[in-house]
*Asks:* 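My structure is below; once you've seen it, I'll send some questions.
Sequence positions, counted from 1, serve as the residue numbers for this chain. For the numbers below, each heavy atom of this structure counts, side chains included, while hydrogens, waters and symmetry mates do not.
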Amino acid sequence: MKIAAIDVGSNSIKLVVVDAAASDSLAVLAREKDTVRLGHDTLRQGRLSPAAIERAADCINRFRSIAEARGAERIFAVATASVREARNSGQFIKEVERKAGVSVEILSAIEEGRLIGLATAQGCAGPATSILNVDIGGGSTEISLMRDGAPAGLYSVKLGAIGLTEQFFTSDPPKPKELKALKEEIRAALERPARELQGAQWQQATGTSGSILAIGTSLRLRALSEEDRQTVGARPAGDEIEIAKLSRFNARTVAMNFAERRALPGISAQRSEILIAGGQILEGAMRGLPIDTLRTCSWALREGVLIDRLREIEAGAHPPLQDLADYRLRGVHAVGRRFGYEEAHAHQVARLAERIFDYLSRSSLSSNLDRHRRTMLSAAALLHDVGYHIAHESHHKHSLYLIKNSELTGFSEAERDVIANVARYHRGSEPKERHEYFAALNQADRETVSTLAAILRIADALDRRHDSHVSDLRCVRNERLVHIELQSSGNCDREIFAAEQKRGMFEQVFNCRLAFSRRAVLKRA
């Protein structure tokens, strides 16, 4: 399968096209990069200018043509800090889709870190290696600790090479007081990840992004004479950056003006503008974590997006049975515990919802119940009652708010919005277009919300007493009648009554009639 990924960053937009035999077997067909400078002024002003949007749309349109010429069957485009923090991000997405025919997904900061971590774990480390990666973007810095290819710690801090340059520097080279203020901002922002990673172990440290790659190249070239540069033989991928050499490099660059930095080996004109801030962020991260030496890695967000999407495609080829070790649901449990969810009830509702889903996925009542949607249903079921953290009254609406504003590791922002809406409709009124957050979804996601919420309403009713009274269930279909038979050692009248009160949405979505009964199960002696 030939697929492509476009990374819409704050400084540049990047394309990679690969021929993928599997998620762990990628042959790169093309790489492209264009310095569009989307984040310049945007990160400070909070809006993308019409000129910046036009430059980005033109670039993405050109990259789409390149990808299609290389035979790409699918193109995945993601945007990071500059679009994520812009008040008019919706306008940007609509304009890119209109002009380039490409749908752009805005990544949360933590999801960005996870995808970069996936790429470095696969592309720059062994399969069983623990790796700590630092990625310095234009608007934020992501730190990813990966063990056995899965995230063990993800952090995002608002330290970007573009953002800090615009925020702190008014002169070139910067004044001592400007540099002091910049360093203090970096130190303060890195306090939390440094504290939480204290004592953590990793076998390898890596660095991604343009700033780190450029610094690594410059340090290597500076160490070589001109003759050596022409005659040096094959060498390992990536460059090593030692903290002592980086510190000396930074001490030199802060005293240079733009023209002098531009003359450094390996530093482009565009990179020289933000080199000081990028170098200071890297030094601050290496000292704070601490890291003595890291190796640069060319695999980053683009490759991580492709690995992740290929894994989804591979999983979708299997029956919709949930892997109990799914790291995304581990992240969901972490959010639930943070808001003090009733864990036993959440597990019971998720289990019953999954049982109903599995039956429906095998029937002809619905054709869009795949593994991906099952995972979102499980997440919504686990978190449907977290709104009690705010108040009992209208807790379903509070659940939507809390989920929408939580980091769900492994889920995109669009998936998180679906999960939040599914949880919101586990009780109360059915989805309506006048509901703000439901109306904000596209048509496909609205249909997914209605389908999954219809299942969740029944599952929640079947644990009406929050005591896991129903031990199991099975579904039997007779033409348009779906009969759910509950297995329990006791009376289920209250559960059946509650489910009958909530069956209207299910019957409408699946165009069927729904009935319930109980099959007695003897208690064990």
*Asks:* Hey, are E184 and R187 close enough for a salt bridge, meaning a charged N less than 4.0 Å from a carboxylate O?
*Replies:* yes
*Asks:* With a 3.5 Å cut-off and sequence neighbours excluded, list the donor-acceptor pairs that the side chains of residues 262-272 form with protein atoms.
*Replies:*
{"from": "S268", "atom 1": "OG", "to": "R271", "atom 2": "N", "distance (Å)": "3.1"}
{"from": "R271", "atom 1": "NH1", "to": "S211", "atom 2": "OG", "distance (Å)": "3.1"}
{"from": "S272", "atom 1": "OG", "to": "A269", "atom 2": "O", "distance (Å)": "2.6"}

*Asks:* Given side-chain contact (heavy atoms from CB on, under 4.5 Å), test M1 with I313 step by step and report yes or no.
*Replies:* CA-CA 11 Å; M1 174 185 290; I313 292 169; 4.0 Å; yes
*Asks:* Which atoms form the tightest heavy-atom contact between W299 and A119, and what is the distance?
*Replies:* CE3-O, 3.6 Å
*Asks:* Which of these, L190, N133, D135, L154, sits in a side chain to side chain contact (heavy atoms under 4.5 Å, CB included) with I143?
*Replies:* L190
*Asks:* Using a strict 4.0 Å threshold on nitrogen-to-oxygen distance, state whether R84 and E112 make a salt bridge.
*Replies:* yes
*Asks:* Could you tell me which non-hydrogen atom of T296 sits nearest to which non-hydrogen atom of G216, and how far apart they are?
*Replies:* CG2-CA, 4.2 Å
*Asks:* Which residue pairs pass the disulfide (SG to SG under 2.5 Å) test with at least one member in residues 251-309, sequence neighbours excluded?
*Replies:* C124-C297
*Asks:* Between R70 and E32, is the closest basic N to carboxylate O distance under 4.0 Å?
*Replies:* no
*Asks:* Please determine which of K14, R62, R55 meets the salt bridge (charged side-chain N to carboxylate O under 4.0 Å, His left out) test together with D34.
*Replies:* R62
*Asks:* Might you confirm whether atom CD of Q201 has over 12 heavy atoms from other residues, nucleotides or ligands at distances under 6.0 Å?
*Replies:* no
*Asks:* Give a yes or no on whether a salt bridge exists between E303 and R31, defined as a side-chain N under 4.0 angstrom from a carboxylate O.
*Replies:* yes
*Asks:* Taking the basic N atoms (NZ, or NE/NH1/NH2) and the acidic carboxylate oxygens, is any pair closer than 4.0 Å for E111 and R416?
*Replies:* no
*Asks:* For the residue pair I136 and L159, establish whether any side-chain heavy-atom pair is separated by less than 4.5 Å.
*Replies:* no
*Asks:* Only distances under 3.5 Å count here; give the side-chain donor-acceptor pairs of residues 284-291 to other protein atoms, sequence neighbours excluded, each with its distance to 0.1 Å.
*Replies:*
{"from": "R287", "atom 1": "NE", "to": "E283", "atom 2": "OE2", "distance (Å)": "3.0"}
{"from": "R287", "atom 1": "NH2", "to": "S247", "atom 2": "OG", "distance (Å)": "3.3"}
{"from": "R287", "atom 1": "NH2", "to": "E283", "atom 2": "OE2", "distance (Å)": "3.1"}

